[in-house]
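A short worksheet on the structure shown next.
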Amino acid sequence: MLSDSIFEGLNPEQRQAVENTEGPSLVLAGAGSGKTRVLTSRIAYLIGGCGIPSESILAVTFTNKAAGEMKERVGKLLGPEASDLAIGTFHSICVRILRREIGHLGRSRGFVIYDDADSLGVIKEVLRRNDLDPKAHDPRRIRWRIDQWKNAGTLPAGAMEAAYDIDDELSARIYAGYQRMLLDANALDFGDIILATVQLFRQHPRVLEFYQRRWQYILVDEYQDTNGVQYELVHLLAAEHRNLCVVGDPDQSIYAWRGANVRNILEFENDYSEARVIKLERNYRSTQPILTAASAVVSNNVARRDKRLVTEREGGDPIHIFEAEDDREEAQFVVRRMLQAKGDGESFGGCAVLYRTNAQSRALEEELLKYDVPYTVVGGVRFYDRAEIKDAMAYLRLLVNPLDDQALRRIVNRPTRGIGKTTMERASERAAEQELTLLDALGQTAASGGGRTGTKVRAFLTMIEALREDMSQLPLDQLIGRILDQSGYLDALIKEATPEAESRRDNLLELMASARDFDAANADLSDEDRTVLDLFLDQVALISDLDQWEDRSDRVSLMTVHSAKGLEFPYVFLVGLEERIFPHASSSGDEESLEEERRLCYVAMTRAMDRLFITHASARMRYGERSFQSPSRFLDEIPDGLVERLESRRPRSSTRSSSGSRRESSFDYSYSQEASGGDGEIQPGTRVRHPVFGVGEIIEVQGAGLNQKLKIRFERAGLKTVVVRYANLEMA
DNA sequence: GCTATTGTGTTCGTG
DNA sequence: ACACAATAGC
């Protein structure tokens with residue numbers, strides 16, 4: 001009877017995918033074909049229909065959000081029976097394994113997780129210690145290279161062997177030094193989390209056996225995006241029972257740049273000859289024009305397995321394509337159409353703007369602000385990446401793990417307490433010579449050093465010691481409070497007395513609030529060797545930006561196409577469809593990456609349920625310069641019959657008279673009506689209001705007519721030169 | 001050791 | 001256009 005409710009509403013193929021529990025199966029799930037539904041139903045069926053204990057099931061996803069969603073939906077179907085289910089991202093699952101087992105690799109279980117900034121710091125330190133110039137050897141490129149090796153499952157020794165030139169060999173040498181330093185700091189970077197788990201299983205068959213027996217049923221979501229190590233991990237775990245179900249869509253493979261290998265899904269049937277293949281080709285999301293257009297674009301890929309997606313939805317509006325003069329007009333178009341949609345009864349939450357690169361959000365944000373449209377940007381600077389949050393977290397990390405050199409470096413002089421570069425450089429040298437941790441090296445400075453430096457370092461170390469005492473006594477949020485208090489961090493912010501400082505204080509309060517929530521929710525998960533603080537640090541380290549994005553019915557979402565994967569919106573605005581942006585410049589001339597761009601475009605288009613607007617601009621600001629753009633080749637790949645082209649209604653520059661113009665269009669551009677109206681009000685001394693910079697006073701008038709510029713001193717933003725035509729000035 | 005100034009790269013995407 | 005890092009000057 002429980003089975004009945006599980007199967008309710010599934011189509012025959014979905015039902016097959018759910019029922020076919022034994023042996024390997026490959027579910028090719030087209031966009032919008034109810035993939036999540038299948039995964040959750042399958043888990044529910046395994047537990048509620050087949051009586052498999054929930055602790056025997058492992059489900060791996062790519063984002064915490066997807067994992068959370070799945071957990072919630074399974075929980076709804078089954079209740080508490082699902083509680084021992086292992087659902088998580090590759091990273092969170094592996095961290096859990098390593099926290100138990102990393103001792104087998106001769107390491108300590110109290111490791112910390114280094115983020116990108118930390119690992120870049122380590123690479124710079126390795127360069128320094130080897131007397132290498134960071135200008136000749138770009139630390140970011142080296143980190144990139146190391147990450148590639150880790151994604152492919154290659155250890156330093158292997159990298160050294162495989163290095164193809166002098167430069168690559170150097171990167172391999174840095175890789176070795178880098179791993180050494182991570183080991184000394186008892187830290188793992190993101191790549192290590194997976195790689196170390198695979199190493200553990202490679203070297204310790206008995207440990208592997210334990211997990212093979214434990215997880216008799218394995219499900220992997222977004223299988224087309226798995227990389228080399230993840231592939232190996234899955235295969236090791238599934239080797240014994242072979243009950244492996246992978247779900248994915250080769251057309252949505254968009255992570256080759258970070259080591260994902262489409263081969264993994266394309267070759268699944270070769271890896272498992274007995275595999276059952278199930279195709280989900282019914283789309284429940286998009287209208288016919290949207291689906292047909294997206295399919296037409298992606299069908300231009302040569303390296304592709306053909307697939308027909310059929311929508312269950314009839315009718316639907318054509319795709320609207322709009323050519324704007326520049327990025328500002330593009331943004332205005334988007335905002336206008338959103339307001340219109342709102343008028344038609346759609347909520348702002350049903351609207352999303354998708355772009356290829358994060359930098360494109362700026363123009364859109366300015367326009368949204370101007371029209372008071374509420375919005376959220378997914379990506380960009382995330383909460384846990386803000387300086388003040390990372391500072392607070394670094395204090396916590398240092399308390400937990402005195403070996404964490406990167407955390408120490410971060411907070412040793414924050415707020416400034418007179419422990420500067422020279423002191424740290426000396427300590428760092430001492431640490432390298434005597435094989436000490438940075439903290440112990442500082443301890444020596446304190447013991448031996450007299451004078452000002454000695455006093456300051458002693459004071460700092462005393463404070464850290466005192467805080468370490470508090471660590472075990474106080475609940476999480478109060479511990480953070482104590483840190484901010486004792487370190488003088490809060491006082492420094494209060495003294496600063498700027499709006500920015502105030503917002504940083506707000507963020508820290510928010511961090512404390514989320515620590516309190518976390519404490520309450522996870523108190524029962526801690527034990528003698530994993531405190532709530534340890535768990536909190538893991539969680540924060542593995543959080544992604546998308547995880548914080550929540551459906552808010554009252555806000556428009558702005559995000560990259562990559563972030564949008566797996567999401568859907570009634571209204572989608574896909575902007576910046578121009579050569580060198582989408583497809584991105586880096587893919588030119590390379591057929592493989594061009595095909596990935598095309599798949600990315602497919603992903604973008606298939607996010608739309610009801611309406612899809614695609615825009616491109618003939619010119620836009622890039623790197624502070626005006627750059628002329630040509631329409632994306634992908635636009636030509638959309639069949640004409642599905643498209644309605646919209647004209648820019650802003651008069652072309654060439655057709656405009658040079659003197660002040662009336663508004664000739666129904667577009668209500670409010671720019672410079674007063675200012676360029678010829679009322680003689682443009683003169684130095686006039687006070688004006690700019691939508692972004694605020695109120696200011698005109699200092700100088702440059703030129704006349706269309707390209708007239710004004711030099712304005714803004715009260716808050718300082719001195720700026722603006723073009724009257726584009727500045728949207730009002731009299732103040 | 002701290003602050004202001006200059007210089008540089010950034011804008012492909014993530015856990 | 002902007003953010004961050006390196007450098008110079010105090």
Side-chain angles (χ1 to χ4, degrees), chain A residues 60-67 88-95 113-117 119-121 124 134-135 138-141 144 147 150-151 188-194 222 225-227 229-230 253-260 327 354-363 366 378-382 384-385 387 413 415-425 451-453 456 538-547 559-565 576 580-588 593 596-597 599-600 603-604 620-627 692-693 717 720-722:
Chain A
V60 188
T61 64
F62 266 77
T63 64
N64 292 307
K65 184 175 161 46
T89 60
F90 273 103
H91 289 88
S92 69
I93 299 281
C94 287
V95 165
I113 299 164
Y114 270 9
D115 69 10
D116 284 351
S119 61
L120 201 61
K124 286 179 183 165
K135 274 173 200 151
D138 181 9
R140 293 158 164 279
R141 249 201 59 207
W144 175 260
D147 207 43
K150 291 187 175 177
N151 286 336
L188 299 180
D189 68 13
F190 288 127
D192 282 334
I193 291 172
I194 319 285
E222 309 278 15
D225 286 327
T226 50
N227 62 32
V229 241
Q230 291 165 336
S253 160
I254 54 175
Y255 284 105
W257 55 273
R258 66 167 197 207
D327 43 350
L354 309 183
Y355 35 76
R356 178 65 180 81
T357 69
N358 272 314
Q360 288 168 257
S361 73
R362 194 183 192 89
E366 286 175 5
V378 179
V381 192
R382 24 185 169 173
Y384 288 96
D385 272 350
N413 204 27
T416 52
R417 47 172 76 89
I419 306 177
K421 214 165 138 192
T422 319
T423 310
M424 287 309 285
E425 247 160 40
R452 251 199 313 224
T453 309
K456 283 172 172 162
D538 277 359
Q539 197 232 225
V540 171
L542 297 179
I543 211 154
S544 81
D545 193 63
L546 192 63
D547 300 331
M559 64 185 92
T560 63
V561 181
H562 281 92
S563 299
K565 193 167 76 158
R580 307 190 73 74
I581 290 186
F582 205 167
H584 192 265
S586 58
S587 72
S588 71
S593 41
E596 177 148 316
E597 294 288 312
R599 290 192 293 271
L600 196 54
V603 169
R620 72 172 62 236
M621 296 300 282
R622 299 187 76 188
Y623 296 103
E625 276 182 335
R626 198 173 168 80
S627 143
V692 176
F693 302 138
K720 305 264 180 196
T721 303
V722 300

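The analysis underlying the following values was restricted to heavy atoms, covering all of them including side chains, and did not include hydrogens, waters or symmetry mates. For clarity, every value in this text was computed on a predicted model and none was experimentally measured. Residue numbers start from 1 in every chain, and the chains themselves are labelled A, B, ... in the order their sequence lines are given, proteins ahead of strands.
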Determine, for nucleotides 8-14 of chain B in 5'-to-3' order, which nucleotides have protein heavy atoms under 4.0 Å from the base (write B), from only the sugar-phosphate (write S), or from neither (write -).
-> --BBBBB
Indicate for each nucleotide in nucleotides 5-10 of chain C, in 5' to 3' sequence, whether protein heavy atoms under 4.0 Å reach the base (B), only the sugar-phosphate (S), or nothing (-).
-> --S---
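When side chains are defined from C-beta on, Thr63(A) does not count as touching Glu222(A), because their heavy atoms never get closer than 4.5 Å. Residues Phe190(A) and Phe90(A) are not in side-chain contact: their nearest non-hydrogen atoms beyond the backbone lie 4.5 Å or more apart. Annotation: side chain of His91(A) is in contact with side chain of Ile194(A) (closest heavy-atom distance under 4.5 Å).
Arg620(A) contributes no side-chain N or O that, together with a main-chain N or O of Asp327(A), makes up a donor-acceptor pair within less than 3.5 Å. A donor-acceptor distance shorter than 3.5 angstrom exists from the side chain of His562(A) to the backbone of Ile254(A), with no hydrogens or angles considered. A distance-only check finds a donor-acceptor pair linking the side chain of Gln230(A) to the backbone of Asn227(A) [under 3.5 Å].
Thr423(A) comes within 4.0 angstrom of the backbone, heavy atoms only, and of no base. Residue contacts for Thr422(A): at a heavy-atom cut-off of 4.0 Å it reaches the sugar-phosphate backbone alone, with no base atom in range.
One interatomic measurement links the two molecules: CZ of Arg626(A) to P of dA1(C), which rounds to 13 Å at whole-angstrom precision. One interatomic measurement links the two molecules: NZ of Lys150(A) to P of dG15(B), which rounds to 18 Å at whole-angstrom precision. When rounded to the nearest whole Å, the span between CZ of Arg620(A) and P of dA1(C) equals 16 Å.
In this structure, CD on Gln360(A) lies 10.0 Å from OG1 on Thr560(A), to the nearest 0.5 angstrom.
Taking all atoms of both residues into account, the shortest heavy-atom contact from Asn413(A) to Gly420(A) is ND2-CA, 4.3 Å.
Taking the P atom of each, dG13(B) and dC4(C) are spaced 15 Å apart, rounded to whole Å.
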